[in-house]
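The structure appears below as structure tokens.
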Amino acid sequence: MKKDIKAQKINEYDHLKIEKKWQKKWSALKLYKTKEEKNKNKKTDDFTSESEAKKFYILDMFPYPSGEGLHVGHPKGYIATDIYSRFKRMQGYNVLHPMGFDAFGLPAENYAIKMKMNPADMTAKNVKRYKEQLEILGFDYDWSREVNTTDPKYYKWTQWIFLQLFKKGLAYESYEPINWCPSCKTGLANEDVEDGKCERCGTVVEKKPMRQWVLKITDYAEKLLAGIDEKDANGKPLLDWPDSIKELQRNWIGKSEGAEIDFKVKIADKISDKIPNGKNIKVFTTRPDTIFGVTYVVLAPESPLVSEFINSALNKSEIEKYISEAKKKTEIDRTDAKKEKTGVEIKGIKAINPANNEEIPVYVADYVLAEYGTGAVMAVPAHDERDWQFAKKYNLPVKDVIAPYFFDNTENSRPREGLETVNRRVAVGILKHWSEDKYIMLDWKNGWTGFITGGVEENESIDEGIKREIIEETGYKNVKIIKRIGGVTINHFYAPHKEKNQFIETHCVYLELVNDDRLPVSEEEIKKHSVLWKNKEEVLPFLKKGSPMGDSRYSEFFWEHLNTDNYSYVGSGNLINSGNFNGRNSNEVMKEITKSIGGEWVNKYKLREWVFSRQRYWGEPIPLIHCEKCGVTAVPDKDLPVKLPKVKFYEPTGTGESPLAGIAKWVNVKCPECKGKAKRETNTMPQWAGSSWYYLRYMDPKNSKVFVDPKIEKFWSPVDLYVGGAEHATRHLIYARFWHRFLYDNGFVSTPEPFRKLQHVGLIMAEDGRKMSKRWSNVVNPDDIVKTYGADTMRLYEMFMGPFDQSIAWNTSSMVGTRRFLERVWRASEKVEKVNSKKNNIKNEFDKKNFEKEKDLPPYIHKAIKKVGEDISDMKYNTAVSTLMIALNEIEKSLEKSGQISSLEFSVFLKLLAPFAPHMSEELWMNLGNKNSIHLESWPVCDESKLIEKNVKIIVQINGKVRWSLEVDSALSKEKIETLIMENEIVKKWISGKKIIKQIFIPGKLLSIVTD
RNA sequence: GCCGGAGUGGCGAAAUGGUUUACGCGCACGACUCAAAAUCGUGUAGAGGCAACUCUAUGUGGGUUCAAGUCCCACCUCCGGCACCA
């Protein structure tokens, strides 16, 4: 099998030996220790001046150490940051590249319970295992800065930040129903629920009212939204993030602008604002323009208004029954849009539409969500899909108030200034054959096409009008009206045959012919158009040809709605049936209508408050104390951290109390204010707490006075590059931004946003294309790969697989390519010219700045320097690796010619390889006679002037096709090249007998000849 | 339904509007070998042709351009996210 690397010969590449050796040495030398550490002891106020170099903070999303250990997919992002940080270090940056562990939370706890282990012990074990697995890959982490969220020295500050939020009123106790996972026996945040299921265990989530701590993240909704597009003083975006993630966050925050409108409520014969405790129904709508079309009002079952109105209801028990059934439903059932809508009317009360004072019924229905907007909506079935479905089911009236507005903004049809505008009603008839599935259409002599169309007289109804038109234009007299289609549309256009602008209200009627009885058609009509039968497929193309009323969109609109009863028009348009607002554009009248009915223009967000309590053991204790006299008080700073007590039983209780509640010794404390009897808060924090600020702690991980020294924070902030999985887009990345923004607003940190550039890692799938998982037993273990192929091979392969942010299936046999590449490098190293170490002290020579630049390195090395550097910067690792491969191919070619490889050339090559394959490049670097680590060398400098090849290939295109190419000296003039080309037989053949119209010359690239 | 992203060889993929298929895998043939493995070399989009060469190909259909994988319009498919948010 090719997959196995056979026993090595003595001087062959022995990855095991080399990798272990260098990992030990690097660690002993503290090679990757962040420079700033050394300066910290010096006494100075100006921290930043201490460090000569520019800083670069590169961060991985720290892992959650599960019991299963790492698979080959996990380190992909770490490999990338390792390469990036080595590259930056070689460029002279002061690099901060730390690692730590996010170890509180449900999965670890559930696993510990399953394994009958204490979560703390198990976490320690897992962390150890993870660290070992990371270390064999040769990463350059500064482990002296390791953080662990479960360390009391760390979570002291997690608790401290929580208390800052609490003190600013951003943490509060709530008793609202929240998402409850019956399997994990804890409340969950909105972000922890996916498709109505617990994100962790997949159990269907229930709604359960309970006491909980909630963070007011919605107070920051606007800032979090605006921050996405914020720029710094230099006009650079604060967030250099993928657009897709920005969009995801925008959607998650979900801002909508709209109106809050009060509907007065009439109970029996009284109007609500005249009766005690009476309440108006406040609704939120993004479409106040449809207010005249409101035919009922709906309250969410959980709306507090329901309990106020229910006593005045004539059908109290029916409503109560409905509400209790709604409560029983799971979130999945509640929010399934496809499901038939249900509801019940509150009989005996009416709401009053503030726009027209109509009395309309009030319903309770669970398609309205209590948590969003005001928990009440005004229903406009004509212009809202959901309201329409509900109205159909309960036979509620549908009232059109928005007419699609077709304004043909082309030269010919655009209404002309200074001309009279005629207002008319027009009927359009779609007339079906008496037995076949085909339709009558008119083909006008002047090029128009369309259905039967005609103006309706003042005293005539639409139905009468269309019947009359049919007889006039076609003669058919026995027609049956089936239905009206598509409400009303407005057509606004210039009618050339009348030299007037027209503003037409168009109604469409669908009719069927009963038989072919016809009356004679007048000569005049016959002259105007012919009557054609078109079958279904022909209608739409035929309509598009032209229209008597501006463009043909209105008739297409009607045709589309012919067979769909099931629709409501949700677009914009012109107002009809809307009193003073008739004829106005719906988009333009929003605010005006809102004002006219006393409404308020507001913003609403989909983002929900962050449910911050977990009724579980394995988390940071919430550092609050409940005192009978003083209420809820913060644990004083001096008493932090509130340590998680060791317990015998940490299984969740399921009662809504955390297991901590049972530990009397821990729970019962003195009130810090009045010294009276008090109890500790027993809920713990969610998993996301510790990860919301860990990047700050890395900057100053040992500080016991503050969570981070402000001077140090100012130096390192923000994180310059943050690499991790896209699955955190709406959890961690929202939470961390929220905490950071809060800390910024309160002067604790210096930047508004924590992470400047964000880069996503694409998943590595298993060879079978599925996700790697124990469940599918398709997991590839990095330990095995490192053992068999080496860490360098694995690192190189994972970077070479494909674009970094794309998910790609693992393929071990494909990996041998990168192994072969390294073996070739190894063999090539034996052919490097021997340099007399005495005569030629390479170490000193290489320390000279820009040494390479002065030397005569071949163009392909300069190209590689340029390309590899650019590709690392852009995180295009796959092409960086291929560039290295190309460079090696060139080195081998030159070896063939000269019999040996230049020492300098190979040194430069090794430096380019060093970030990718740190062990091998270090070994070979030392073999060249160097004393200091290659990883402390400076990155080679590309001399742009050396990039130019002696010869260039010129492509000859004739009429857009490549016909010939030639190699010429790059210094040759345009004229000379053109002469050479024109003299060529092939070129002559292609242009013979033709006239050259045009010639385009791109220097060094191509000549394009165009003939007639 | 809405919002993103992507469709290029047998496969992973590459390509500032300028030779489509770099680099690697796989495959075929050859060299070395008693043989195999490893290694090295050559070839490898499709069709036609003995060949030189020609034609056709970057999901589909149009368009802009001397020139389009790349820009514009319409559509199809797949992947990811959100979704009764009024």
Side-chain angles (χ1 to χ4, degrees), chain A residues 1-2 4-6 9 12 194-195 242-252 254-256 258-259 283-287 290 298 300 334-339 341 365-369 371-380 383-387 389-390 570 604-608 726-727 729-730 763 796-797 800-803 805-818 820-821 823-824 827 876 878-886 888-889 892 896 953-965 986 996-1000 1002 1004-1011:
Chain A
M1 285 291 287
K2 280 168 193 157
D4 301 323
I5 301 296
K6 291 279 157 63
K9 285 185 212 154
E12 272 195 12
E194 274 176 6
D195 285 333
D243 288 339
S244 58
I245 299 305
K246 290 187 183 177
E247 200 52 34
L248 238 53
Q249 291 212 342
R250 277 190 207 104
N251 291 343
W252 191 262
K255 180 178 179 175
S256 303
V283 303
F284 173 69
T285 179
T286 55
R287 292 296 300 273
T290 62
V298 193
R334 276 287 298 271
T335 56
D336 185 1
K338 283 172 224 111
K339 239 186 139 179
K341 304 204 174 347
D366 68 3
Y367 78 92
V368 173
L369 307 175
E371 312 92 83
Y372 183 75
T374 58
V377 303
M378 58 181 226
V380 187
H383 305 294
D384 183 279
E385 201 68 41
R386 298 149 301 184
D387 298 342
Q389 284 171 24
F390 192 79
V570 299
K604 293 282 175 196
Y605 303 89
K606 285 200 279 184
L607 188 72
R608 303 284 153 79
E727 69 274 16
T730 52
L763 287 176
L796 213 51
Y797 172 60
F800 184 58
M801 286 173 87
D805 57 357
Q806 188 176 302
S807 79
I808 304 174
W810 177 267
N811 188 313
T812 305
S813 63
S814 218
M815 190 180 57
V816 302
T818 49
R820 273 181 208 153
F821 166 72
E823 284 172 0
R824 276 165 59 209
R827 268 178 264 133
K876 289 168 159 177
N878 55 334
T879 50
V881 175
S882 94
T883 304
L884 290 169
M885 288 171 167
I886 293 167
L888 180 67
N889 290 345
E892 284 176 341
E896 226 165 276
K953 201 175 183 184
I954 305 289
I955 303 304
V956 183
Q957 284 188 358
I958 297 163
N959 292 328
K961 298 215 170 194
V962 179
R963 294 303 179 189
W964 191 51
S965 69
I986 299 168
I996 293 173
I997 301 171
K998 206 171 174 182
Q999 247 172 256
I1000 296 126
I1002 313 284
K1005 283 218 170 126
L1006 118 165
L1007 179 73
S1008 184
I1009 302 166
V1010 189
T1011 69

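No hydrogens, no waters, no symmetry mates; every other heavy atom, side chains included, goes into these values. A, B, ... follow the sequence lines: proteins, then strands. Residue 1 opens every chain. Please read all numbers here as calculations on a predicted model, not as lab measurements.
- A donor and an acceptor atom never sit less than 3.5 Å apart when one is taken from the side chain of K606(A) and the other from the base of C82(B).
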Let me have RNA chain B in dot-bracket notation, would you? Count Watson-Crick plus G-U wobble pairs, both distances under 3.5 Å, and use [ ] for pairs crossing earlier ones and | for inter-strand partners.
(((((((..(((.....[....)))((((((.......))))))((((....))))..(((((..]....))))))))))))....
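- Rounded to whole Å, the P atom of U19(B) lies 49 Å from the corresponding atom of A86(B).
- Using C1' as the reference atom, G69(B) and U58(B) are 5 Å apart when rounded to the nearest Å.
- Residue R250(A) is out of contact with every strand shown, counting any heavy-atom pair closer than 4.0 Å.
- Across U16(B) and U70(B), the matching P atoms stand 13 Å from one another, rounded to whole Å.
- Between Y367(A) and the phosphate of A86(B), there is no side-chain N or O to OP1/OP2 separation shorter than 4.0 Å.
- M885(A) places a side-chain heavy atom less than 4.5 Å from the side chain of T818(A).
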Side chain to side chain contact (heavy atoms under 4.5 Å, CB included), that's the test. Do M815(A) and F800(A) meet it? Break it down for me.
CA-CA 9 Å; M815(A) 190 180 57; F800(A) 184 58; over 6 Å; no
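- Of the charged side-chain nitrogens involved, none lies within less than 4.0 Å of a carboxylate oxygen, so that E823(A) and R820(A) do not count as a salt-bridged pair.
- Using a 4.0 Å heavy-atom cutoff across all strands shown, V377(A) reaches at least one base atom of the nucleic acid.
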Nucleotide by nucleotide, nucleotides 9-24 of chain B touches protein heavy atoms under 4.0 Å in the pattern (B base, S sugar-phosphate only, - none) ---BSS-B-BBS-BBS
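- Taking the P atom of each, U20(B) and C55(B) are spaced 12 Å apart, rounded to whole Å.
- Distance from the side chain of K998(A) is smallest to C66(B) among G81(B), U39(B), C66(B).
- Taking atom P on both nucleotides, G30(B) is separated from A37(B) by 13 Å, rounded to a whole Å.
- Applying the 90° cutoff around 0 to the glycosidic angle, G9(B) is assigned syn.
- Separating the C1' atom of G48(B) from that of A31(B) is a span of 33 Å, rounded to the nearest Å.
- The gap from the P atom of C72(B) to that of A6(B) amounts to 12 Å, rounded to the nearest Å.
- Atom NZ of K961(A) is separated from atom C1' of A68(B) by 14 Å (rounded to the nearest Å).
- Nucleic acid contact class of V368(A) (heavy atoms, under 4.0 Å, all strands): base.
- Residues Y367(A) and D387(A) bring a donor and an acceptor atom of their side chains to less than 3.5 Å of each other.
- Taking atom C1' on both G9(B) and G59(B), the two are 15 Å apart, rounded to the nearest angstrom.
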